[in-house]
Participant: 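Pasting a structure here, questions to come.
Basis for what follows: all heavy atoms, side chains included, without hydrogens, waters or symmetry-related copies.
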Amino acid sequence: MGNLIGVLGRSTIHSLNRLMDLCALTYRLLAISIQLPHTGRVLIKRVMVEQIYFTAVQALPVIIPVALIIGSLMIVQFSQLSGQVDLGKLVVLLMLREIGPMITAIVVILRSATAVTIETSYMRVLNEIETLEMAGIDPMRTVCLPRLMGITSAVVSLVLVFDLTAIIGGYAVVRGVTGLPVEGFIQQIARGVEGTDIVVGLLKGFFFGITIAVTCLYHGLTRKSQITQVPVATSRAAMDCFFYCLVINIFISFIFYV
């Protein structure tokens with residue numbers, strides 16, 4: 001019994017220490033973004049644009065088909081309940097508030113979070129981070145900050161793309177392929193959407209982006225001595241990103257709707 005309590009205690013302390021480290025890294029990056037000096041802005045902007053292109057633009061061939069499939073399936077299933085529930089309001093409740101932000105976060109975690117973790121891990125193992133510091137360059141400013149800003153901007157944009165594609169594209173697919181009674185669906189959506197729903201979806205995307213970026217940077221910059229430690233760090237980063245996004249999703253929904 002004592003050993004079990006000891007294991008739980010050490011695990012809890014380790015988790016709390018890691019959470020505090022993540023909060024400290026987030027605070028430092030946000031402070032740097034507010035006090036961004038004039039020198040080095042061109043490099044930061046270039047890296048940020050490249051990150052947005054990789055995370056958002058190159059993810060569109062994945063996001064759009066997934067959104068069409070999920071949107072079509074939701075409309076097909078919920079159309080069977082027409083007359084019993086407000087189809088538009090039900091889609092808004094699930095798509096804008098919950099499914100859209102979470103599916104977007106999962107796609108970004110699988111594509112960008114793992115890539116950033118691997119990239120920064122190799123920079124750590126090959127001593128490139130130390131080389132930047134010896135040259136008088138702050139890695140937080142040139143490596144971490146552009147990726148934080150790029151991933152966060154990309155996640156917010158992808159949430160909008162996913163929601164619009166799932167609702168409008170899904171409706172078009174169902175209307176064109178099937179004979180289900182979905183007339184007036186867009187009007188129902190318009191009546192069901194409230195400003196709070198849009199704000200909540202974008203807010204979740206914003207916090208998901210920050211969480212994903214900070215978590216993968218933290219695991220990537222953690223000191224490593226061997227390349228074989230990179231896959232382990234990547235796996236942990238992906239799982240932590242997913243768990244933290246779930247917690248944030250529940251927390252924001254609880255604040256706005258409970």
Participant: Decide yes or no for L148 and Q51: does some side-chain heavy atom of the first lie under 4.5 Å from some side-chain heavy atom of the second?
Facilitator: no
Participant: So, the side chain of S72 versus the backbone of I69: is there a donor-acceptor pair under 3.5 Å, distance only?
Facilitator: no
Participant: Give, for atom CG of N127 and atom CE of M134, the distance between the pair rounded to the nearest 0.5 Å.
Facilitator: 10.0 Å
Participant: Contact between S121 and H219 at the side-chain level, heavy atoms closer than 4.5 Å - yes or no?
Facilitator: no
Participant: Are any of the side-chain heavy atoms of V200 and I252 separated by less than 4.5 Å?
Facilitator: yes
Participant: Does K204 reach the main-chain N or O of M102 with its side chain, forming a donor-acceptor pair under 3.5 Å?
Facilitator: no
Participant: Hey, does the Lys NZ or Arg CZ of R236 hover above the aromatic six-ring of Y218, less than 6.0 Å from the centre and inside 45° of the axis?
Facilitator: no
Participant: Taking the side chain as every heavy atom from C-beta outward, state whether L203 and F256 have any pair of such atoms under 4.5 Å apart.
Facilitator: yes
Participant: Apply the side chain to side chain contact (heavy atoms under 4.5 Å, CB included) test between R147 and each candidate in V47, T55, V214; give the one that qualifies.
Facilitator: V47
Participant: Counting distance only, does the side-chain N/O of R141 pair as donor-acceptor with the main-chain N or O of I44 below 3.5 Å?
Facilitator: no
Participant: Taking the side chain from N17 and the backbone from I13, do they hold a donor-acceptor pair closer than 3.5 Å?
Facilitator: yes
Participant: Has the side chain of R97 got a donor or acceptor atom that lies under 3.5 Å from a matching backbone atom of D197?
Facilitator: no
Participant: Ignoring hydrogens, what is the shortest heavy-atom contact between I109 and A238? Give both atom names and the distance.
Facilitator: CG2-O, 3.8 Å
Participant: For the backbone of L22 and the side chain of T26, can you confirm whether one donor and one acceptor N or O come within less than 3.5 Å of each other?
Facilitator: yes
